[in-house]
Each structure stands twice: as structure tokens, then as C-alpha cells.
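Basis for what follows: all heavy atoms, side chains included, without hydrogens, waters or symmetry-related copies.
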Amino acid sequence: MKKLTLTFLFICSMLAAFSQCNDYYVLQDGTSWTYENYNGKGKPTGKNIQKVKSFEKTTSGFVATINSTVLDDKGKTLTEGDLEMTCENGTITMDMRKFIPQEQLKALSSYEMKIESENLELPSKLTVGQSLKDGSVSLTTEGSPIPISMAVTISNRKVVGKETITTPAGTFDCYKITNTSHMKSKIGINFSADFSGTEWIAEKVGFVKSESFDKKGKLNGSMLLIARQ
């Protein structure tokens, strides 16, 4: 559950973060962001450091590789990986396949896997009341001794307002975006979970804050921008 929450917040932050063909970031090689992670009770649990490894302009936007390192509260690396982001004609696209943990893909590598996805998007302009594109990903295996499948859907993405958010990195005028997500998996037995999320993004800054809640509305965790370069 903890890894799922961290993955959810990380993906939201990545989607809200990159521009040059989009209004929400000034991006170049070496650009970095540091976020503090918190549990549901507001206690710091570590940091998420994101840095642009490569950035290439295209005729209609850009392609960028972002490295993300998640640290625990003692500074030990929990997860690390790269994410490719693209922007074309003002729209940022995020590959939903990144919702499948790399360690799970490695564990299933001996079986034939089928992965299907509908990517998330962030347009170049946001307005209050605007609805954003849903995203989904599903994985099934063939030849495994027990049925294995996984699916994640993010839906009901909507710009619900504008708020001013103050963090250690500064004070920002943000758009507030809400969403719901559903995860189901089958590894011998069925499992499902529902979440809701809220994220705040600011022009020229990108992702500022994110929160994730369970289906009863209880806060699971959050992330807050504390530094950027």
C-alpha cells in the first residue's frame, strides 16, 4: 500500500511538471526538484528528488528523461528509476505503464506479458471547471502457474479551483486538480482498492503539492515541494 501511494504521488508530480511547449515548467538539462514525503498523520517519511537527465527539443515540443530517487527518513534509497516525458503541440503525455512497479515486471519476466495503456495528458492551458483526459493501464500474463493480472485506472480528473500554496520553496498561485483512481489485481486471489487524489500545480513552477486519500476520505500520504533549481 505504501509503495502504491508513493507511485501514485510520483506519477501525479511527473505529469504536472514539464514544459517548454506547455505553461507549467521551464525545463532544461539539470533542472531539479526536491519534495518532502509525509504519511497520513503528517509525519515526514523521506524525500523524492527529481532531476532532468536529458532534454531534447523536437519540432513540436520535447522529449525528456527524468530520474527520480525516493529516500526514506534516514536518507536510504527506497526506489530509483527514469521516466520519459514527451510534450507535443502543447500537450504533455505520461506513459501509464510506469504505474507497474519495475520489481513486479522483473518478477514476471519469465512469462509472456500483455500490457495495454491509455496515457494521461496535461494540456498547455488550464481553466477552472475543465475536465482532463483519463488514463489506464492493464497487465495480464500467459503461462504462469496461477492467473496474474493488474489494472490501474485514473479518472474524473477535473480542475476544481485556484489556491495559493506556501511551501519552503516559496508561495505559489496554483490550479487545484482532483481525480479518482481504482486498482485491481489478481495473483491467485483478487484484490482491489479505490483512491482519490488532489494536486496543485503552478505556471512556470509545475507540481507544488499532492495528496492521496483512501475511499473513506482518509489521508494516505502527501508530497510537498521544498526546493527547486
When rounded to the nearest 0.5 angstrom, what distance separates [atom1] in [X] from [atom2] in [Y]?
| X | Y | atom1 | atom2 | value |
| --- | --- | --- | --- | --- |
| D134 | L120 | CG | CG | 8.0 Å |
| W200 | T198 | CH2 | OG1 | 5.0 Å |
| T34 | M223 | OG1 | CE | 10.0 Å |
| S212 | E199 | OG | CD | 11.0 Å |
| N48 | S68 | CG | OG | 3.5 Å |
| N190 | S185 | CG | OG | 8.0 Å |

Determine whether [X] and [Y] make a side-chain contact, defined as any pair of heavy atoms from C-beta on separated by less than 4.5 Å.
| X | Y | answer |
| --- | --- | --- |
| S138 | M150 | no |
| C174 | I201 | no |
| N156 | N179 | no |
| K76 | L78 | no |
| T164 | F172 | no |
| N37 | V70 | yes |

Remaining members of the apolar cluster that contains L219, side-chain heavy atoms under 4.5 Å
F213

Residues joined to L71 in its hydrophobic cluster, side chain to side chain under 4.5 Å directly or through other members, sorted by chain and number, are I49

Over all heavy atoms of both residues, which pair between [X] and [Y] is shortest? Give the atoms and the distance, please.
| X | Y | value |
| --- | --- | --- |
| K133 | R157 | O-NH1, 2.6 Å |
| Y175 | L126 | OH-O, 3.1 Å |
| T58 | F62 | OG1-N, 3.4 Å |
| T153 | S136 | OG1-CB, 4.0 Å |
| D73 | P44 | CB-O, 4.3 Å |
| G129 | K158 | O-CE, 3.6 Å |

Do the side chain of T77 and the main chain of T79 share a donor and acceptor less than 3.5 angstrom apart?
no

Using the test salt bridge (Lys or Arg N to Asp or Glu O under 4.0 Å), find all partners of [X] that sit at least two apart in sequence or belong to another chain.
| X | result |
| --- | --- |
| E88 | none |
| K114 | E116 |
| K215 | none |
| K125 | D23 |

Among residues two or more places apart or on two chains, list those pairs meeting salt bridge (charged side-chain N to carboxylate O under 4.0 Å, His left out) that have a residue in residues 167-184.
E163-K176

Hey, could you give me each pair passing salt bridge (charged side-chain N to carboxylate O under 4.0 Å, His left out) that has a residue in residues 40-51? Not counting sequence neighbours.
E36-K47

All side-chain hydrogen bond (donor to acceptor under 3.5 Å, both in side chains) counterparts of [X], not counting sequence neighbours:
| X | value |
| --- | --- |
| T178 | none |
| N39 | none |
| T65 | S54 |

Who passes side chain to side chain contact (heavy atoms under 4.5 Å, CB included) against V128, sequence neighbours left out?
K162

Verdict with reasoning, W33 to L225, per side chain to side chain contact (heavy atoms under 4.5 Å, CB included):
CA-CA 7 Å; W33 306 261; L225 178 68; 4.1 Å; yes

Using the side chain to side chain contact (heavy atoms under 4.5 Å, CB included) rule, take Y38 and L224 through it: C-alpha gap first, then chi angles, then the decisive distance, then the call.
CA-CA 8 Å; Y38 301 88; L224 190 69; 4.0 Å; yes

If the threshold is 4.0 Å, N to carboxylate O, is there a salt bridge linking K53 and D82?
yes

CA sep, side-chain torsions, deciding dist, call: T180, I154, side chain to side chain contact (heavy atoms under 4.5 Å, CB included)
CA-CA 6 Å; T180 58; I154 299 178; over 6 Å; no

Step by step, work out the side chain to side chain contact (heavy atoms under 4.5 Å, CB included) result for I92 and E121.
CA-CA 5 Å; I92 294 172; E121 295 180 353; over 6 Å; no

